S.K.: 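A single structure is presented below for examination.
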Amino acid sequence: MIDKNAVARCFGKAAASYDQHAILQRLSSARLLQHLPNKGNGARYNTTVDLGCGSGALLQTLGNCSNQLFAVDLSFGMLAHAKQQREQQVHQYPQQDRLIPPIYWLNADAEALPLQSRCVDLCVSNLALQWCDDLATPLIEASRCLNKDGLLLFSTLVAGSLDELTQSWSSVNQHRHVNRFLSEGEIKTALLKSGLSVEAFQVEIQTMYYSSVKEVMQSLKGIGANHVHDKDAKPTTQGELRAFKANYETLRDNQGLLPLSYKLAYCLLRKC
Ligand SMILES: C[S@@+](CC[C@H](N)C(=O)[O-])C[C@H]1O[C@@H](n2cnc3c(N)ncnc32)[C@H](O)[C@@H]1O
């Protein structure tokens, strides 16, 4: 079972540094939104949900095609930060307030949404659902909230992500240092369970590069994605940490950089 409070705490702690480190998340959200069908003729989605909205980076874009927005996040700290950022933007550029539709802020779990059934037209979620116990649960929950013809567009991580970390720890000790991600097959099973019809499913690898192991670790900690589920209570020793770093160093490429790979699934689902 995922310790949701611990996950929320980690993201909340990182709220202030999130945007500075969320490079993969920006690449992924841009890719994800390429799958969003254009309604044409300036038509808008009536009600849109950003599930696991984080610092709220997608809200501006979603606001451009929606009449009202629900920004949902498990982490109160992250949600409060997103709301504060939004208020600062409005203060700085008051004309934006007329351009962005109302935003309702919900501190809630994607696995149990405090929303009525059949009230949402578009639900978007970028790199949040890998933090759920069972992917089928938030998909079924989103499906319950969608109107007929409503869309669920999400990205998540697939097994193979962060393999360089797993590999570098493997000869050091047998403790869990990296979360387990679902295989493509397991994701497809969850899609089937949701009862939604699959309009697009795409898997891509995105490799990020860093100049030191410290930077690699900071890229995860800086966005709050450093909670490891069921982590062994035994602390890592200095010697183990040195061995891990030495293993990671062997992965330097011919540009002298250290890779960290992500395997991302992009899915577009429709409620029939
Ligand atoms: C990696 S961030 C992505 C944030 C944002 N979607 C973006 O593209 O920048 C993951 C977010 O999902 C949230 N989250 C994790 N588990 C969640 C859950 N069960 N329900 C709702 N939000 C969740 C975290 O608090 C965090 O803000």
Side-chain angles (χ1 to χ4, degrees), residues 1-36 48-63 69-86 103-115 120 122-142 144-145 152-158 161-162 179 181-182 190 206 208 218-229 260 262 264-267:
M1 282 287 281
I2 288 179
D3 180 348
K4 299 270 177 82
N5 286 331
V7 170
R9 260 198 316 276
C10 265
F11 279 107
K13 262 195 211 164
S17 61
Y18 182 86
D19 287 329
Q20 183 194 335
H21 294 278
I23 298 160
L24 173 83
Q25 287 65 24
R26 297 291 66 81
L27 290 171
S28 158
S29 60
R31 198 85 184 93
L32 182 68
L33 292 171
Q34 286 175 359
H35 290 278
L36 182 63
T48 295
V49 173
D50 183 354
L51 206 49
C53 66
S55 66
L58 270 78
L59 294 173
Q60 178 83 37
T61 308
L62 295 178
L69 292 174
F70 285 89
V72 179
D73 205 281
L74 182 71
S75 159
F76 180 81
M78 196 61 110
L79 200 68
H81 178 73
K83 186 165 183 271
Q84 191 190 35
Q85 299 242 97
R86 169 78 199 124
I103 303 177
Y104 303 100
W105 306 91
L106 291 181
N107 182 206
D109 186 345
E111 299 192 49
L113 290 172
L115 291 170
V120 173
L122 171 65
C123 180
V124 175
S125 182
N126 184 49
L127 289 180
L129 300 185
Q130 69 275 9
W131 293 100
C132 289
D133 275 313
D134 169 13
L135 178 62
T137 309
L139 300 188
I140 291 167
E141 191 54 353
R144 176 186 69 73
C145 298
L152 168 59
L153 177 64
F154 76 96
S155 62
T156 192
L157 295 180
V158 185
S161 296
L162 309 183
N179 287 328
F181 300 109
L182 299 181
Q206 176 76 53
M208 311 299 287
Q218 192 54 34
S219 73
L220 295 170
K221 197 170 175 197
I223 63 157
N226 54 325
H227 176 74
V228 177
H229 313 309
L260 183 61
Y262 290 88
L264 299 114
Y266 298 98
C267 312

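Just follow the structure's listing: the first ligand is 1, and inside any ligand the first atom is 1. Heavy atoms only: backbone and side chains are in, while hydrogens, waters and symmetry mates are out. Because the structure is a prediction, the values reported are computed rather than measured.
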S.K.: Is Leu129 close to Leu139 at the side-chain level, that is, under 4.5 Å between some pair of heavy atoms?
M.R.: yes
S.K.: Given that the side chain starts at C-beta and the backbone is N, CA, C, O, which of these parts of Pro138 lies under 4.0 Å from ligand 1, counting heavy atoms, or is it both or neither?
M.R.: neither
S.K.: Heavy-atom contact check, 4.0 Å cutoff: does Cys53 meet ligand 1?
M.R.: yes
S.K.: When you look for heavy atoms under 4.0 Å from ligand 1, do you find them on the side chain of Ser55, its backbone, both, or neither?
M.R.: neither
S.K.: With only distance considered, is Asp73 within less than 3.5 Å of ligand 1 through an N or O on each side?
M.R.: yes
S.K.: With a cut-off of 6.0 Å (strictly less than), are more than 12 heavy atoms of other residues, nucleotides or ligands near NZ of Lys4?
M.R.: yes
S.K.: Got a donor-acceptor contact below 3.5 angstrom from the Glu111 side chain to the Thr137 backbone?
M.R.: no
S.K.: Give me the one residue out of Val158, Leu157, Leu127, Leu27 that meets side-chain contact (heavy atoms from CB on, under 4.5 Å) with Tyr262.
M.R.: Leu157
S.K.: For ligand 1, find out whether one of its N or O atoms is nearer than 3.5 Å to an N or O atom of Arg26.
M.R.: yes
S.K.: What are the two closest heavy atoms between Ser155 and Leu32, and how far apart are they?
M.R.: N-CD1, 3.7 Å
S.K.: Gln130 to ligand 1: N or O pair under 3.5 Å?
M.R.: no
S.K.: Are Met78 and ligand 1 in contact, using a heavy-atom cut-off of under 4.0 Å?
M.R.: yes
S.K.: Any atoms of ligand 1 less than 4.0 Å from a non-hydrogen atom of Ala128? List them with their elements.
M.R.: 12 (O)
S.K.: Could you tell me if Asn179 and Gln130 have a donor-acceptor pair between their side chains, going purely by distance under 3.5 Å?
M.R.: no
S.K.: Which atoms of ligand 1 sit under 4.0 Å from any heavy atom of Ser75?
M.R.: 25 (O)
S.K.: Identify, for atom 20 (N) of ligand 1, the protein heavy atom at the shortest distance, and state residue, atom and that distance.
M.R.: Ala110 N, 2.8 Å
S.K.: Looking only at non-hydrogen atoms, find the nearest pair between Gln206 and Leu264 and report the distance.
M.R.: CB-CD1, 3.6 Å
S.K.: To which of Ala225, Gly12, Gly52, Gly56 does the heavy atom nearest atom 5 (C) of ligand 1 belong?
M.R.: Gly52
S.K.: With a 4.5 Å cut-off on side-chain heavy atoms, are Pro114 and Leu106 touching?
M.R.: yes
S.K.: Given Leu127, Leu220, Leu106, Asp50, identify the one with the heavy atom nearest to atom 1 (C) of ligand 1.
M.R.: Leu127
S.K.: Would you check if the side chain of Asp133 reaches a backbone N or O of Ile2 as a donor-acceptor pair within less than 3.5 Å?
M.R.: yes
S.K.: Hey, is Cys132 one of the residues with a heavy atom under 4.0 angstrom from ligand 1?
M.R.: yes
S.K.: Among all the protein's non-hydrogen atoms, which is closest to atom 14 (N) of ligand 1, and how far away is it?
M.R.: Leu74 CB, 4.0 Å
S.K.: For the pair Ser125 (side chain) and Phe154 (backbone), establish whether a donor and an acceptor sit closer than 3.5 Å, ignoring hydrogens and angles.
M.R.: no
S.K.: Fit a plane to each ring of Phe70 and Tyr104, take the angle between them on a 0 to 90° scale, and name the class: parallel (under 30°), tilted (30 to 60°) or perpendicular (over 60°).
M.R.: tilted
S.K.: Going by heavy-atom distance to atom 8 (O) of ligand 1, choose the closest among Leu24, Leu32, Asn126, Asp133.
M.R.: Asn126
S.K.: Quick one: which ligand 1 atoms are inside 4.0 Å of a heavy atom on Leu58?
M.R.: 8 (O)
S.K.: For residues Asn126 and Ser28, report the shortest heavy-atom separation together with the two atoms involved.
M.R.: OD1-OG, 2.5 Å
S.K.: Could you check atom 9 (O) of ligand 1 against the protein and tell me its nearest heavy-atom contact, residue, atom and distance included?
M.R.: Tyr18 OH, 2.6 Å
S.K.: Any idea which atoms of ligand 1 are less than 4.0 Å away from a heavy-atom of Ala108?
M.R.: 20 (N), 21 (C)
S.K.: Would you mind checking which non-hydrogen protein atom is closest to atom 19 (N) of ligand 1, with the distance to 0.1 Å?
M.R.: Asp109 OD1, 2.9 Å
S.K.: Which residue owns the protein heavy atom closest to atom 15 (C) of ligand 1, what's the atom, and how far is it?
M.R.: Trp131 CB, 3.5 Å
S.K.: Classify the contact between Val72 and ligand 1 as side chain, backbone, both or neither, using a heavy-atom distance cut-off of under 4.0 Å.
M.R.: neither
S.K.: Is a side-chain N or O of Arg26 found less than 3.5 angstrom from the main chain of Asp19, in a donor-acceptor match?
M.R.: no
